[in-house]
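Remarks on the structure that follows.
Computed from a predicted structure; not experimentally measured. These numbers come from the heavy atoms of this one structure, side chains and all, not from hydrogens, waters or symmetry mates.
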Amino acid sequence: MKKRLLIISIIFCAGVLACIGFAADLWLYANKPISANAEKIVVHLKPGQSFAKTAKILEEKGLINSPFRFNLISRFRGYDKKVQAGEYLLSESMTPLHILEKMTKGEVKLYKLTIPEGLNIYQIAELASEGDFAEKTEFIEVATDKAYTREKGIEADTFEGYLFPDTYFFPRGTTVRKIIGTMVDRFRAVFNPQWNEQARHIGFTPHQAVILASIIEKETGDPSERPVISSVFHNRLKKKMRL
C-alpha cells in the first residue's frame, strides 16, 4: 500500500513539475523576441481571417518561430478572438506577447493626410486620391451627398466649408464616409456652440457664417489680412450689396 502511494506521489509530483516546466516555457516564449532586429515589417491581416492563418503569416515573415505556442498563448489570454484586421508595423525585436497586444488593440499602421487651408471639396478630393485614401469621384460623391450632410446635422447640400483643414491619420482601407465624417467632427470641435451663437448674433445662420468664412479665406492667403477683408464684406452685407 505504501509503495503504491509512493508511486502515485511520484507521478503526481512529476506531473506538477511537467506543468510548471510547460508554463515556464510558454512564459519565456511569450516574452522573448526572435532577435534584436528592429526593422519594421508590414503585416496585413484580412477581415475574417482565421487565427491559424494569422500565426502562419507571422511565421513566414520571421516574426515568430512557433505557431503552436503562439496559438496557446493567445488562447490562454483570450486574444485569439480579439485580433483586429488591418496593416501592422511589427519587428523581430517585439515579443510574441507584444505582437498579440498590438493586434488585439488594433494599433494599425496609419497614413497621413494633410489638408491645407483654403481648399474646396474638389481640391481635397484630389489630395485624398493622390494619397490613395479614396477615388476622387467617390470622395466628391460622398462630399455632395445631401442625405449624409443631413445625417451629420448640416443644413446644406454639400460639405463645402465643413472639411476642416488639419493633418489627419487614417489606417489603410478607411471609408470615404469615415474620412469626411472625421473632418466634419473636427470642424465641430473647433467651431463650438458658442461660435454658432455668435453667428446668430450678427444675423447669420451657422451655414451662412461658414460660407462667408470660406469666401474670405479664398480672398487671401495671408491670415493677417482676413480681419480687414471680413469687415469689408460685413459692411457690404449691411448695405445689402452683392458680394
Practice item. Using a 4.5 Å cut-off on heavy atoms from C-beta on, say whether the side chain of Met183 contacts that of Tyr162. Key: no
Check your understanding: Are Glu59 and Pro67 side-chain neighbours, meaning at least one heavy-atom pair lies under 4.5 Å?
Key -> yes
Check your understanding: Mind checking whether Phe187 and Leu163 have side chains closer than 4.5 Å, heavy atoms only?
Key -> no
Check your understanding: Given side chains that start at C-beta, do those of Lys82 and Leu100 come closer than 4.5 Å, heavy atoms only?
Key -> no
Practice item. Show the numbers, then the answer: is there a side-chain contact (heavy atoms from CB on, under 4.5 Å) between Lys102 and Leu90? Key: CA-CA 9 Å; Lys102 283 183 69 72; Leu90 307 174; 3.9 Å; yes
Review point. Is the CD atom of Glu130 crowded by more than 12 outside heavy atoms at less than 6.0 Å?
Key: yes
Check your understanding: With side chains defined as the heavy atoms from C-beta onward, is the minimum distance between Ile115 and Leu127 less than 4.5 Å?
Key -> yes
Check your understanding: Out of curiosity, does Leu89 fall in the hydrophobic cluster containing Ile99 (side-chain heavy atoms, cut-off under 4.5 Å, transitive links)?
Key -> no
Check your understanding: Pairs in or reaching into residues 136-161: which pass ring-ring contact (aromatic ring centres under 6.0 Å, His included), with residues at least two apart or in two chains?
Key -> Tyr148-Phe159
Review point. Going by heavy atoms in the side chains, are Val108 and Gln84 under 4.5 Å from each other?
Key: no
Exercise for review: Can you tell me which residue pairs pass the ring-ring contact (aromatic ring centres under 6.0 Å, His included) test with a partner in residues 31-51, sequence neighbours excluded?
Suggested key: Phe51-Phe70
Exercise for review: Would you tell me whether Thr144 and Thr158 have side-chain atoms, one donor and one acceptor, within less than 3.5 Å of each other?
Suggested key: no
Point to revise | Approximate separation, where rounding is to 0.5 Å, of Lys152 NZ and Asp185 CG | key: 3.5 Å
Exercise for review: Determine, for Phe133 and Arg172, whether the Lys NZ or Arg CZ falls below 6.0 Å from the six-membered ring centre while staying within 45 degrees of the axis.
Suggested key: yes
Review point. Between atom OG1 of Thr95 and atom CD of Glu101, what is the distance when rounded to the nearest 0.5 Å?
Key: 7.0 Å
**Study point:** Nearest atoms (heavy-atom pairs only) where Tyr111 meets Glu87
**Key:** OH-OE1, 2.6 Å
Review point. Hydrophobic cluster mates of Ile34, side-chain heavy atoms under 4.5 angstrom, ILVMFWY only, any path?
Key: none
Review point. Has Glu135 got more than 12 heavy atoms of other residues, nucleotides or ligands less than 6.0 Å from its CD?
Key: no
**Study point:** With sequence neighbours excluded, residues passing side-chain hydrogen bond (donor to acceptor under 3.5 Å, both in side chains) with Glu141
**Key:** none
Exercise for review: Starting from the C-alpha separation in whole Å, work towards a yes-or-no answer on side-chain contact (heavy atoms from CB on, under 4.5 Å) for Tyr168 and Lys112.
Suggested key: CA-CA 6 Å; Tyr168 299 91; Lys112 184 168 72 173; over 6 Å; no
Review point. How long is the span from the CG atom in Asn65 to the NZ atom in Lys32, to the nearest 0.5 Å?
Key: 9.0 Å
Point to revise | Any side-chain donor near an acceptor of the partner, Thr54 and Gln49, under 3.5 Å | key: yes
Point to revise | Nearest atoms (heavy-atom pairs only) where Ala55 meets Ile64 | key: O-CD1, 3.5 Å
**Study point:** Phe76 reachable from Leu58 in the ILVMFWY side-chain graph, under 4.5 Å edges
**Key:** yes
Point to revise | Separation between OG1 of Thr104 and CZ of Arg77, rounded to the nearest 0.5 Å | key: 10.0 Å
Check your understanding: Do Ile179 and Thr175 have side-chain heavy atoms sitting under 4.5 Å apart?
Key -> no
Point to revise | Validation row: Val142, Lys178 side chains within 4.5 angstrom (heavy atoms) | key: no
**Study point:** salt bridge (charged side-chain N to carboxylate O under 4.0 Å, His left out) partners of Glu126, counting only residues at least two apart
**Key:** Lys136
Practice item. Nearest 0.5 Å please: distance from the NZ atom of Lys40 over to the CD atom of Glu92. Key: 11.5 Å
Check your understanding: What about Phe164 and Tyr122, same hydrophobic cluster or not, with Ile/Leu/Val/Met/Phe/Trp/Tyr joined at side-chain heavy-atom distances under 4.5 Å?
Key -> yes
Exercise for review: Name all residues meeting the side-chain hydrogen bond (donor to acceptor under 3.5 Å, both in side chains) criterion together with Ser74; count only those two or more places apart in sequence or in a different chain, and write none if there are none.
Suggested key: none
Exercise for review: Might you work through the side-chain contact (heavy atoms from CB on, under 4.5 Å) test for Leu110 and Phe170, ending with a clear yes or no?
Suggested key: CA-CA 5 Å; Leu110 299 177; Phe170 298 106; 5.8 Å; no
Review point. Would you find more than 12 non-hydrogen atoms of other residues, nucleotides or ligands less than 6.0 Å from Arg150 atom CZ?
Key: yes
Check your understanding: Measuring from Asp145:CG to Ile140:CD1, what's the distance to the nearest 0.5 Å?
Key -> 13.5 Å
